[in-house]
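Working notes for the structure below.
Computed from a predicted structure; not experimentally measured. Lettering of chains follows the sequences in order, A, B, ..., and the numbering in each one begins at 1.
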2 protein chains.
Amino acid sequence: MDFKIDKHISGQFNQELEQIMSHVLDMGGIVEQQISQSLAAISSLDAKLAGQVVENDRKINAYETTIDEECARIIAKRQPAAIDLRIVLAIAKTIADLERIGDEACRMVKPALESYNREERQFLVDLDHMGQQVLTMFNKVLDALARMDSEAAYEVYKMDKKIDKTYEAITRQLMTYMMEDPRAIPKIMDVIWATRSLERIGDRCQNISEHVIYLIKGKDVRHTSREHIEKMLGV
Amino acid sequence: MDFKIDKHISGQFNQELEQIMSHVLDMGGIVEQQISQSLAAISSLDAKLAGQVVENDRKINAYETTIDEECARIIAKRQPAAIDLRIVLAIAKTIADLERIGDEACRMVKPALESYNREERQFLVDLDHMGQQVLTMFNKVLDALARMDSEAAYEVYKMDKKIDKTYEAITRQLMTYMMEDPRAIPKIMDVIWATRSLERIGDRCQNISEHVIYLIKGKDVRHTSREHIEKMLGV
């Protein structure tokens, strides 16, 4: 994925920042793969693949530590101000969210270690459906970050509401299954936790979209209303 | 709570940083109150108090936005390096964790809106017990931050394991209750979510303890082993 930042900033800072951003996008690529592998492990009940997902989390953690150091170094060395500083701070926050998304991707694989009868398989189909929605959201936010596109980021921001609705519908359904078949409760709880992890990934994607908007517009849009954000973006 | 930072840093930067840190500690005080009010609302089934907790979350969000701006301003103006920069970056991460702890404190009040028979009240007693553990952990990490005490921070770091064990025991117990009385599932699920929120608060306290250690020692201790941290701290 290309990262076009040169129109925003100036000087030698540019090159170093581009390198940091390319690491962020690499990190994002691995996180995306982790989410999709985790979903694949669950839908094919592949315990081995689930194990690989858990194993791979180390890579994401290493990226976070490295990029954090790069951010501290560039601030100390280049003493950026205004937009330059905003970019670095937004990157630092973004990688924290990416790392937590990686944690959720690991945490949610647990249903892959269970077995399900034909009726119970429906849980997994619903979970996968929600997972694909979340994966699309993640993909779009990474793209908005790479292109520094605040309007695309705002599209992602709005997607979270739909994810939350899907989440509520699925957990309601799963609670009904638990009431119908109490012996399946522990198994269904694992599916509920996985659903919750996906919902949290959606929240984190929304956070990242806020960082992108902050970065471009210089306005902190966390804790503000949609109307306010729309006015600011002129959409 | 007093904040003694002057031995670490120099110059006029000191005064401005002290002010930011005093805002962080104010924010921490409100978050602490939110956790304890949320627990009180649940154990006395006080829906009005629960509503106040939800309402108060705005204050925490406002603190986060303000302190974030102060951090960006001090970096741009003072161009800090080394320990000075580390302190600012650690503060920025700490307030993100504090804000999320505030979110969890709101999220967990839901059981306060239900009614419980005598047997079901036991759920709430266990929840409150875990809540008091978490509150102690929160209190200690805020204290370690105020005193810039990396050893105290490491004590907090280790507490998370105990919280995780309590969490597992309680959720196992609650799943047993669900199996015994499937009609109570929706109500018990609310208690499970509250338990989960407390577990997440414990994780966040551990994050903050890592930021404190980073701040003092200049070493990123996330994703490292306990042995490694102990060697570094010489404990």
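- Shown here are the salt bridge (charged side-chain N to carboxylate O under 4.0 Å, His left out) partners of A:Arg172, two or more places apart in sequence or in another chain: there are none.
- Residue contact with chain A, scored on non-hydrogen atoms closer than 4.5 Å, is absent for B:Asp103.
- Within the 4.5 angstrom heavy-atom criterion, no atom of A:Ala96 approaches chain B.
- Between chain B and the options A:Arg196, A:Glu69, A:Lys93, heavy-atom pairs under 4.5 Å are most frequent for A:Arg196.
- Neither the backbone nor the side chain of A:Arg86 has a heavy atom closer than 4.5 Å to any heavy atom of chain B.
- Remark: B:Glu168 does not engage B:Lys165 in a salt bridge, criterion side-chain N to carboxylate O under 4.0 Å.
- In this structure, NE2 on A:His211 lies 11.0 Å from CD on A:Gln206, to the nearest 0.5 angstrom.
- With a 4.5 Å cut-off on non-hydrogen atoms, B:Met189 touches chain A through its side chain but not through its backbone.
- Distance check, rounded to the nearest 0.5 Å: CD of A:Gln34 to CD of A:Glu104 gives 13.0 Å.
- Contact of A:Arg78 with chain B is not made at all, since no heavy-atom distance falls under 4.5 Å.
- Contact of A:Asp68 with chain B is made through the side chain alone, with heavy-atom distances under 4.5 Å.
- Scanning all heavy atoms of the two residues, the minimum distance from A:Ala90 to A:Tyr214 falls at CB-CD2, 4.3 Å.
- Using a 4.5 Å cut-off on side-chain heavy atoms (C-beta onward), A:Phe123 and A:Leu127 make no contact.
- In this structure, chain A has no heavy atom under 4.5 Å from any part of B:Arg73.
- Among B:Arg58, B:Glu180, B:Arg200, the residue with the largest count of heavy-atom pairs under 4.5 Å with chain A is B:Arg200.
- Under the rule for a salt bridge (charged side-chain N to carboxylate O under 4.0 Å, His left out), the partners of A:Lys77 that lie at least two apart in sequence or sit in another chain are A:Glu16.
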